[in-house]
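See structure below.
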Amino acid sequence: MKDLKTPGRPWTSSPSARALGALVAVLLLGALFNAEGAFFKWGTHRDMLRAVSVFGILACGMTGVIISGGIDLSVGSILALASVTFSLLTIHWHWAAPWAVLACLGVGMACGLCSGALVAKAKMQPFIATLAMMVFARGLAKWVTGGEKISQAVKQSDGTFAYVDLPPLFKWIDSRILYDNISVVTLVFLTCLLLCWVLLNKLRAGRYIYAVGGNEEAARLSGVPVGLIRIVTYGVSGLCCAVAGMCQACQEYQGDPEAGAGYELSAIAMVVIGGTSLNGGKGSIWLTLIGVLTIGYLDKILSINAVGEDKRLMLTGIIVVAAVLLQKSRR
Amino acid sequence: MNHCMKTLMVGLTCMGLWVAGCAKKAEQDGLTIGMSQCNLGEPWRVQMNADIQQAASTHPEIKVIFKDAQNDTLKQRAQVEEFISAGVDLIIISPKEAAPLTPVVAQAYAKGIPVIVLDRRVLGDQYTCFIGADNVKIGRAAGQWLVTHLDPGAKLVELKGLMTSTPGQDRHTGFMEGIKDANLNIIFEADMKWLEANARKEMESALARFDRIDAVYAHNDPGAHGAYLAAKAVGRESAIKFIGIDALPQEGQVYVEQGILAASFEYPTGGQEAIDTALKILKGESVPKEITLSSRIYEAKP
């Protein structure tokens with residue numbers, strides 16, 4: 001990792017150290033307000049990791065987009081679209097799991113590639129292009145389902161409901177493995193993280209993504225296929241949304257066309273609080289992991305202490321600002 | 001960019017034609033009812049429209065035009081204005097908010113168009129009939145149900161709906177009235193904003209913190225279901241009674257049937273009653289100014 005340590009500078013100047021500082025601060029907060037010891041139980045951490053996984057998967061795709069100098073506002077809507085598609089295919093149409101998973105990945109990637117093409121080929125602002133995709137994908141999800149949740153209850157022609165069984169895949173993804181110690185969705189998240197690390201740090205495409213985000217003109221002059229790279233980053237983000245959507249569906253045992261509203265902001269916050277720059281060119285997938293854990297723990301600590309919604313929102317705002325300032329002051 | 005512009009123009013034209021095709025003209029013969037729904041984002045409101053459609057389909061002489069205001073007060077106001085100028089025979093409105101929609105409802109009423117207000121109220125008395133259920137009463141029934149089904153000293157978790165919304169506040173107020181005189185303790189409460197994913201997360205926290213929880217009262221069935229999943233993941237679901245509100249046929253009623261929820265309290269949509277009342281009004285019969293819908297309890301079989 002090139003950002004880890006630059007010779008001649010104190011270790012605190014590395015982005016990873018600063019991000020870790022914020023995480024440790026939040027953890028100390030948790031140890032202080034431990035809700036009668038609940039914070040020290042492994043179950044609390046395991047459940048936090050489960051709850052944060054869907055956001056984490058979105059943040060993985062978002063990291064690539066932000067490093068390339070873009071933004072993706074459509075992640076929450078594509079998540080909903082993938083979640084209803086997956087439920088429809090598996091619960092109602094009884095598709096075999098592998099085909100349904102592939103079809104969902106296809107839908108997610110198609111949406112991502114579409115935003116990417118609008119940004120790279122039609123030269124639209126990423127904010128506008130993905131805002132349009134956000135609205136469109138939400139509409140498509142509602143249209144496909146007729147506005148209703150896709151669940152085990154299947155509407156018959158006479159208006160009554162018949163109940164079908166849930167495919168085994170749902171229960172498996174919503175279960176825990178390794179002697180009940182980690183949720184399957186958390187492993188899905190870690191897999192996405194690893195794949196994004198390979199893409200960003202081990203492949204030539206990854207260097208191109210940093211180059212495009214750092215200085216688009218210089219990258220173009222050095223022969224980087226700028227347009228293609230942009231399209232790829234949005235396509236990967238779309239894939240991550242599809243994975244997150246399937247995990248969401250499995251955890252709710254249904255496909256909800258309203259799922260994921262507002263998730264884009266959480267995903268962006270997780271990437272940025274890790275220290276990845278919104279200006280592009282700087283950041284890493286590991287910083288995103290730290291950001292995901294920071295926000296996840298913050299949420300969990302407020303939750304186990306049963307802090308009221310009003311104070312919870314205010315505290316979240318204050319702590320996010322404090323975490324970012326903490327990073328800045330050591331720069 | 002010329003090519004792009006052309007594609008865009010063609011696309012927009014196609015879209016315009018599609019939208020034009022979707023818009024249906026009000027029929028000249030028969031009776032037309034305009035229905036303005038404040039939003040179709042909630043399954044309960046989708047169900048309300050379905051109930052109205054179902055009730056209307058048995059009366060071939062009436063035709064219902066549905067409009068969705070997408071949670072936008074001004075859009076809903078414009079929709080009622082459109083109904084007035086189209087000269088519909090009756091308007092059903094499920095308003096988003098009382099104050100901003102009162103004038104336009106009064107305007108329709110003054111023009112001699114009967115208006116049925118469904119679920120949420122408007123101010124004053126310039127409408128024909130209000131049909132709605134009482135959330136306070138339903139919350140109270142949920143509280144009383146727990147009082148009779150739990151031993152004294154039982155520990156409760158309350159997962160609230162959005163507490164800035166009236167239904168959330170009413171379901172809480174009613175519940176507190178219902179358990180007022182009983183020896184039940186609410187040991188954990190959280191605002192899950194009607195969402196299953198939030199309810200599950202909050203319940204995980206409650207489970208981590210308390211070794212004994214006897215019952216969960218969620219302000220809607222998805223919330224109770226999310227709490228059940230959290231308890232099931234740690235093998236504690238059989239020690240806890242889960243109750244929810246709404247009892248939609250595809251949600252709460254299924255959960256009760258599957259034994260996931262101990263009880264679900266119906267929050268009726270009033271779709272059927274709205275059409276029944278509309279027919280009476282159109283036939284010139286008199287109707288009460290206010291109809292309070294009764295709620296059914298769906299209970300798991302012992």
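Here the structure is a predicted model, which is why all the values come from computation and not from measurement. In what follows, every chain begins at residue 1, and chains take the letters A, B, ... in the order their sequences are listed.
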When the 4.5 angstrom heavy-atom criterion is applied to Lys193(B) and chain A, the contacting part is side chain
To the nearest 0.5 Å, atom OG of Ser165(B) lies from atom CZ of Arg171(B) at 8.5 Å
* To do: Keeping the roles fixed (side chain from Gln79(B), backbone from Asp68(B)), state whether a donor-acceptor pair exists under 3.5 Å.
  => yes
Max heavy-atom pairs within cutoff under 4.5 Å with chain B, candidates Lys41(A), Arg50(A), Arg176(A), goes to Arg50(A)
Query raised in the report: Do Asp72(B) and Gln76(B) have side-chain N/O donor and acceptor atoms under 3.5 Å apart?
Result: no
If one checks every heavy atom of Glu258(A) against chain B at 4.5 Å, the contacting part turns out to be side chain
Say whether, by atom type as modelled, one donor and one acceptor occur between the side chain of Asp221(B) and the main chain of Ile245(B) under 3.5 angstrom.
yes
Notebook entry, point to check: Between Cys114(A) and Met133(A), does a side chain to side chain contact (heavy atoms under 4.5 Å, CB included) hold up when you go through it step by step?
Noted result: CA-CA 8 Å; Cys114(A) 197; Met133(A) 179 54 75; 3.6 Å; yes
Highest number of heavy-atom pairs under 4.5 Å with chain B among Ala153(A), Ala306(A), Gly146(A) belongs to Ala306(A)
When the 4.5 angstrom heavy-atom criterion is applied to Arg46(A) and chain B, the contacting part is side chain
Most contact-rich option vs chain A, by heavy-atom pairs under 4.5 angstrom, among Ser205(B), Ala197(B), Pro222(B), is Ser205(B)
(Q) Between Phe39(A) and Leu27(A), does the side chain to side chain contact (heavy atoms under 4.5 Å, CB included) criterion hold? Intermediate values first, please. (A) CA-CA 9 Å; Phe39(A) 188 74; Leu27(A) 285 175; 3.9 Å; yes
Quick one: does Asn39(B)'s side chain have a donor or acceptor within less than 3.5 Å of a partner on Gln70(B)'s backbone?
-> no
Review point. Should the pair Arg212(B)-Asp214(B) be classified as a salt bridge under the 4.0 Å nitrogen-to-oxygen rule?
Key: yes
Atom pairs and distances, side-chain donor-acceptor, residues 223-236 of chain B, under 3.5 Å, sequence neighbours left out:
unit_1	atom_1	unit_2	atom_2	d
His225(B)	ND1	Glu196(B)	OE2	2.9
Arg236(B)	NH1	Leu207(B)	O	3.0
Arg236(B)	NH1	Phe210(B)	O	3.3
Arg236(B)	NH2	Phe210(B)	O	2.8
Arg236(B)	NH2	Asp211(B)	O	3.1

Chain B shares the most heavy-atom pairs under 4.5 Å, among Asp180(A), Asn305(A), Asp174(A), with Asp174(A)
Taking a cut-off of under 4.5 angstrom between non-hydrogen atoms, the residues of residues 292-304 of chain A near chain B are Asp299(A), Lys300(A), Ser303(A), Ile304(A)
When the 4.5 angstrom heavy-atom criterion is applied to Glu189(B) and chain A, the contacting part is backbone
Item to complete: Name the orientation class of the two ring planes belonging to His219(B) and Tyr217(B) (parallel below 30°, tilted from 30 to 60°, perpendicular beyond 60°).
Response: tilted
